Colleague: 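What follows is a structure written as C-alpha cells; I'll ask about it next.
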Amino acid sequence: MITGQNSEIRHIDVVFHIQTEDKGVSNPFIVSLIYVGGQVLAAKRTSYGDELAAGLGETELAELMERQHRTMIAAIRHGRFDEQVGKFLAKRRSTGKGLPAAEPTIEAPVELAKGNAPADSLVDMVGSFLGAEVPESLALDISAGESPRLGEHFELRLRTVASPTERPVSRASVRVELISPMREPELLAETLTDEEGWLSIAFLIPPVDSAMAALVVSATGEVGEAEETLLL
C-alpha cells in the first residue's frame, strides 16, 4: 500500500480538503475523497485491478494516484462541485451549524507610516509595505471561447504576461497535456508564444474513457513558470 496524498485548497471562499489513497492489492482501488467542513462532499473510486494483473508496479501506481489527485483538484478549481457546495452550505445554515472556522485570511488593509502618501495602486502599496519592488512572475491569460471537449478539435488562444505589470513575455515555451486518472499524460501541443506573448494553436483532444479528464496548459518564460487547467 502506497502512502496517500492530502491537499487543501480554497475555492469560492471555501476550504476543500482532498485525500487520495490506495486501498491495497487485496482491494485494488484508488479512492479520492473531497471534504468540506469535515463532511465528505464527493468521492471518486477507480479500480486498477486490470493494470495490477498486467504487472503494475509501485512507481506506476504512485503515478496513477498522482494523476487522480491532480484531476480532483482541477475539478474543484473549475467549479465541478460548486452546486454540491451550495446545497451543503445551505443545509448547514438552515440547521444553524455553519462551517468550522478555517485558517484566518489576512484581509486587513496595510497601514502606511504617517507622512507617507497613499499608494497609487495595490502593487505600489504592497511594494511599499515590503520595502522592496514586487517581483514579477509568469501568468497565463487564456482567452474565453468554446469549451474544450473530448474527441473534438479545440483552438487554444492565450497570452503569456508578467504579473503584476501585465507586460508581454515573448517566446515563452507552452505545453498542452491531456491528463486523466487511468492513463499516462499525453502531450497534445508544444510551441512558443510570439514576440507579443500571443499564441493560437489548434489540436485534436482524443476521446478518453474516464469520468474526469483535463487539459494542463503550462508555460515557461523569462520570469518563471505558470500552469492552468481546463476541465473537460
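These figures come from a predicted structure and were not determined experimentally.
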Colleague: For a quick test of reading the model, state the closest non-hydrogen atom pair linking Tyr48 to Phe29 and the distance between them.
Modeller: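 Reported closest heavy-atom pair: CE2-N, 3.4 Å.
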
Colleague: Please answer: with hydrophobic residues joined when any side-chain heavy atoms are less than 4.5 Å apart, are Leu215 and Val174 in the same cluster?
Modeller: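 Yes; Val174 is reachable from Leu215 via cluster members.
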
Colleague: Do you know the tightest heavy-atom contact between Ala189 and Phe203?
Modeller: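 Smallest heavy-atom distance, with atoms named: CB-CD2, 4.1 Å.
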
Colleague: Is there side-chain contact between Leu187 and Arg175, with at least one heavy-atom pair below 4.5 Å?
Modeller: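 Yes. Closest side-chain heavy atoms under 4.5 Å.
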
Colleague: Look at the side-chain heavy atoms of Ile, Leu, Val, Met, Phe, Trp and Tyr, link any pair under 4.5 Å apart, and say whether Ile76 and Tyr35 land in one connected group.
Modeller: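 As far as the 4.5 Å side-chain criterion goes, Tyr35 and Ile76 are not connected within one cluster.
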
Colleague: Would Ser200 and Glu155 count as a side-chain hydrogen bond (donor to acceptor under 3.5 Å, both in side chains) here? Give the steps.
Modeller: CA-CA 7 Å; Ser200 178; Glu155 183 176 6; 2.7 Å; yes

Colleague: For Ser7, check side chain to side chain contact (heavy atoms under 4.5 Å, CB included) against everything at least two apart and list the hits.
Modeller: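 Side chain to side chain contact (heavy atoms under 4.5 Å, CB included) check on Ser7 returns Ile18, His69, Ile73.
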
Colleague: When rounded to the nearest 0.5 angstrom, what distance separates CD in Glu225 from CG in Leu138?
Modeller: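 Glu225 atom CD to Leu138 atom CG measures 8.5 Å (nearest 0.5 Å).
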
Colleague: How many angstroms lie between atom CG of Leu41 and atom CZ of Phe16, to the nearest 0.5 angstrom?
Modeller: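 Output value for this atom pair is 6.5 Å.
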
Colleague: So which of Thr193, Leu192, Asp141 actually passes side chain to side chain contact (heavy atoms under 4.5 Å, CB included) with Thr160?
Modeller: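 Exactly one pass, corresponding to Thr193.
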
Colleague: Do we see a donor-acceptor contact under 3.5 Å between the side chains of Gln68 and Thr46?
Modeller: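 Their side chains do contain a donor-acceptor pair, which is all the 3.5 Å distance test asks for.
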
Colleague: Could you tell me whether the side chain of Pro28 reaches within less than 4.5 Å of the side chain of Lys23, counting heavy atoms only?
Modeller: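 They are not in contact (no side-chain heavy atoms under 4.5 Å apart), so the answer is no.
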
Colleague: Check whether any side-chain heavy atom of Asp22 lies under 4.5 Å from a side-chain heavy atom of Val31, and answer yes or no.
Modeller: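 Side-chain contact under 4.5 Å: no.
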
Colleague: Please say yes or no: joined through hydrophobic side-chain contacts below 4.5 Å, possibly via intermediate residues, are Ile34 and Ile12 part of one cluster?
Modeller: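 Yes, it is one cluster - the side chains of Ile34 and Ile12 are joined through contacts under 4.5 Å.
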
Colleague: What are the two closest non-hydrogen atoms of Gly221 and Ala172, and how far apart are they?
Modeller: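 Gly221 and Ala172 have their closest heavy atoms at CA-CB, 4.2 Å.
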
Colleague: Closest approach of Leu33 and Ala43, non-hydrogen atoms and distance?
Modeller: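 Taking every non-hydrogen atom into account, CD2-CB, 3.4 Å.
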
Colleague: For residues Gln19 and Gln5, is any side-chain donor paired with an opposing acceptor at under 3.5 Å?
Modeller: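 No, no side-chain donor-acceptor contact under 3.5 Å.
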
Colleague: Give the C-alpha distance, both sets of side-chain angles, the deciding distance and a yes or no for side chain to side chain contact (heavy atoms under 4.5 Å, CB included) between Arg171 and Glu195.
Modeller: CA-CA 6 Å; Arg171 312 299 292 173; Glu195 295 301 323; 3.2 Å; yes

Colleague: What residues, two or more places apart in sequence or in another chain, satisfy side chain to side chain contact (heavy atoms under 4.5 Å, CB included) together with Pro168?
Modeller: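 In terms of side chain to side chain contact (heavy atoms under 4.5 Å, CB included), with neighbours along the sequence ignored, Pro168 is linked to Arg159, Glu196.
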
Colleague: Could you walk me through whether Arg157 and Leu199 pass the side chain to side chain contact (heavy atoms under 4.5 Å, CB included) check?
Modeller: CA-CA 6 Å; Arg157 300 184 184 92; Leu199 170 65; over 6 Å; no

Colleague: Does Glu184 come within less than 4.0 Å of Arg67, counting only side-chain N to carboxylate O?
Modeller: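 Salt bridge: yes.
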
Colleague: With heavy-atom distances below 4.5 Å as the criterion, would you say the side chains of Val25 and Leu52 are in contact?
Modeller: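 Yes. Closest side-chain heavy atoms under 4.5 Å.
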
Colleague: Just how far is it from atom CG of Leu158 to atom CD1 of Ile201, taken to the nearest 0.5 Å?
Modeller: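 Interatomic distance, Leu158 CG to Ile201 CD1, rounded to 0.5 Å: 9.5 Å.
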
Colleague: Evaluate side chain to side chain contact (heavy atoms under 4.5 Å, CB included) for Phe154 paired with Leu204, printing each intermediate quantity in order.
Modeller: CA-CA 6 Å; Phe154 176 64; Leu204 174 67; over 6 Å; no

Colleague: Can you tell me how far OG1 of Thr59 sits from CG of Leu64, rounded to the nearest 0.5 angstrom?
Modeller: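 Taking CG in Leu64 and OG1 in Thr59, the distance rounds to 11.0 Å.
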
Colleague: Measuring only between side-chain heavy atoms, which start at C-beta, is Val15 closer than 4.5 Å to Val36?
Modeller: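 When only atoms from C-beta onward are counted, Val36 and Val15 do not touch, as no gap falls below 4.5 Å.
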
Colleague: Roughly how far, to the nearest 0.5 Å, is the OG atom of Ser170 from the CH2 atom of Trp198?
Modeller: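 Nearest 0.5 Å value for the CH2-OG distance: 14.0 Å.
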
Colleague: Are the charged groups of Arg70 and Glu63 less than 4.0 angstrom apart, N to O?
Modeller: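 Not counted as a salt bridge, because no side-chain N and carboxylate O are separated by less than 4.0 Å.
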
Colleague: Could you state whether Val169 and Leu140 fall into the same hydrophobic cluster, counting links through intermediate Ile, Leu, Val, Met, Phe, Trp or Tyr residues with side-chain heavy atoms under 4.5 angstrom apart?
Modeller: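 Per the 4.5 Å side-chain linkage, Val169 and Leu140 are not co-clustered.
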
Colleague: Side chains of Arg77 and Ile9: does their closest heavy-atom pair fall under 4.5 Å?
Modeller: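 A side-chain contact under 4.5 Å exists here.
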
Colleague: Do the non-hydrogen side-chain atoms of Leu232 and Leu178 ever get within less than 4.5 Å of each other?
Modeller: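 Yes, their side chains come closer than 4.5 Å.
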
Colleague: Is the shortest side-chain heavy-atom distance between Leu231 and Arg80 below 4.5 Å?
Modeller: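 Side chain of Leu231 against side chain of Arg80, heavy atoms only: contact under 4.5 Å found.
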
Colleague: Could you list the residues that satisfy side chain to side chain contact (heavy atoms under 4.5 Å, CB included) with Pro207, not counting sequence neighbours?
Modeller: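 Pro207: no side chain to side chain contact (heavy atoms under 4.5 Å, CB included) contacts found.
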
Colleague: Is there a path of hydrophobic side-chain contacts, each under 4.5 Å between heavy atoms of I, L, V, M, F, W or Y residues, that connects Val85 with Val40?
Modeller: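 Cluster IDs for Val85 and Val40 differ.
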
Colleague: Could you give the distance from NZ (Lys44) to OG (Ser32), rounded to the nearest 0.5 Å?
Modeller: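 Atom-to-atom, Lys44:NZ and Ser32:OG are 8.0 Å apart.
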
Colleague: If the test is side chain to side chain contact (heavy atoms under 4.5 Å, CB included), which one of Ile179, Val216, Thr20 qualifies with Thr71?
Modeller: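 Running side chain to side chain contact (heavy atoms under 4.5 Å, CB included) over Ile179, Val216, Thr20 with Thr71 returns exactly one hit, Ile179.
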
